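See structure below.
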Amino acid sequence: IEVTQSAMSTTDGKEVGPLQMPCVIGLLDTQGNNLEVTLPPETSKNEYGVVLELTETTHEFVIQDVPELPILSINRYFSAPVNVNYAYSLDQLAWLVRYDSDVIAVWDAAQQLGSRLILSTAQVIAEGESPTLDLMLVDCWRTLLHDQSRDPYLIAQLLALPSLSHLMLAEDAIDFGMVAQAHTFYRSQVAQALEADWLSRYQQLAEVHDDTLAPEAMGKRALQNVC
């Protein structure tokens with residue numbers, strides 16, 4: 001695994017570093033479990049995954065005895081205050097949203113998935129073509145809506161498209177009007193495609209009314225409001 005870091009000074013905008021920081025990753029199998037591997041001496045493990053200690057601008061970690069090609073879950077538990085740039089495929093992002101157990105990595109994957117789909121749709125609109133809904137996001141959100149094991153408050157956060165302000169920070173962001181049209185398109189199309197699923201989860205949550213300030217009750221109300 002090769003990791004490269006870069007940072008800009010907040011005073012003069014010049015590049016600084018390298019900085020010493022930990023970055024926790026997960027090497028996951030197709031079921032979302034951590035793979036048993038042989039780690040190099042400059043790494044360690046904690047309850048969240050493998051800790052990579054970054055001390056150089058570019059650092060290579062050689063992990064051995066990997067039984068299958070892993071899916072990387074990066075910067076778990078927000079171990080380092082950084083923006084992660086990794087060439088995930090859309091399928092990998094959707095998989096992480098469904099199966100990764102780390103809430104930070106899951107939320108980041110959900111935001112990346114939504115951002116890439118919306119920005120690609122904005123490009124289609126800018127070229128004068130009719131946009132189409134990518135069913136990958138629909139299938140992913142349907143899985144979340146029927147998930148009874150996760151914290152309902154987390155699900156409520158995952159069932160939200162990236163904000164327009166967040167989308168415009170992307171390097172490949174185009175005209176704001178096109179991005180706004182793409183955002184509205186996805187919001188309306190996903191709402192319609194999942195109409196029965198929204199209603200089903202809403203009715204389930206409404207069966208037991210709990211207006212206390214208990215975390216579980218607040219999470220259920222948050223998810224019910226999203227539905």
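In this text the structure is predicted, and so the values were computed from the model without any measurement.
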Taking C-beta and beyond as the side chain, do [X] and [Y] meet within less than 4.5 Å on heavy atoms?
| X | Y | answer |
| --- | --- | --- |
| L19 | L54 | no |
| I63 | L39 | yes |
| R142 | H146 | yes |
| P40 | V62 | no |
| V24 | L52 | no |
| D151 | P215 | no |
| M218 | Y153 | no |
| Y86 | N75 | no |

Are there more than 12 heavy atoms of other residues, nucleotides or ligands under 6.0 Å from atom [atom1] of [X]?
| X | atom1 | value |
| --- | --- | --- |
| M21 | CE | yes |
| E36 | CD | no |
| N83 | CG | no |
| E127 | CD | yes |
| E216 | CD | no |

List the steps, then state whether side-chain contact (heavy atoms from CB on, under 4.5 Å) holds for Y88 with I74. CA-CA 11 Å; Y88 283 115; I74 303 174; 3.5 Å; yes

Would you check, one step at a time, whether the test side-chain contact (heavy atoms from CB on, under 4.5 Å) holds for L161 with V190? CA-CA 10 Å; L161 294 172; V190 171; 5.7 Å; no

[Y] versus [X], side-chain donor and acceptor atoms under 3.5 Å:
| X | Y | answer |
| --- | --- | --- |
| S73 | D100 | yes |
| E207 | Q203 | no |
| T212 | D210 | yes |
| R201 | Q204 | yes |

Can you name the closest pair of heavy atoms from [X] and [Y] and give their distance?
| X | Y | answer |
| --- | --- | --- |
| Q31 | D29 | N-OD1, 2.9 Å |
| L194 | W141 | CD1-CB, 3.6 Å |
| G26 | N34 | CA-OD1, 3.7 Å |
| A109 | L96 | CB-CB, 3.8 Å |
| C140 | V97 | SG-CG1, 3.5 Å |
| T30 | E68 | N-OE2, 3.7 Å |

Test side-chain contact (heavy atoms from CB on, under 4.5 Å) on L35 and L28; report intermediate values, then the result. CA-CA 6 Å; L35 293 169; L28 308 181; over 6 Å; no

Same hydrophobic cluster for [X] and [Y], using side-chain heavy-atom links shorter than 4.5 Å among ILVMFWY?
| X | Y | value |
| --- | --- | --- |
| V84 | V51 | no |
| V3 | V50 | yes |
| W95 | L113 | yes |
| L93 | L133 | yes |
| I118 | M178 | yes |

So, taking the atom named [atom1] in [X] and the one named [atom2] in [Y], what distance separates them when rounded to the nearest 0.5 Å?
| X | Y | atom1 | atom2 | answer |
| --- | --- | --- | --- | --- |
| L223 | Q157 | CG | CD | 10.0 Å |
| R221 | L205 | CZ | CG | 11.5 Å |
| D175 | Q123 | CG | CD | 11.0 Å |
| H166 | S163 | NE2 | OG | 6.5 Å |
| H183 | S115 | NE2 | OG | 9.0 Å |
| L117 | D134 | CG | CG | 5.0 Å |

Mutual orientation of the aromatic rings belonging to H59 and F61 [parallel < 30°, tilted 30-60°, perpendicular > 60°]: parallel

Under 3.5 Å: donor-acceptor pair, side chain of [X], backbone of [Y]:
| X | Y | answer |
| --- | --- | --- |
| T184 | A180 | yes |
| Q5 | E56 | yes |
| D102 | Y77 | yes |

Stepwise side-chain contact (heavy atoms from CB on, under 4.5 Å) test for R98 and D139: CA-CA 10 Å; R98 289 188 181 101; D139 293 338; 3.5 Å; yes

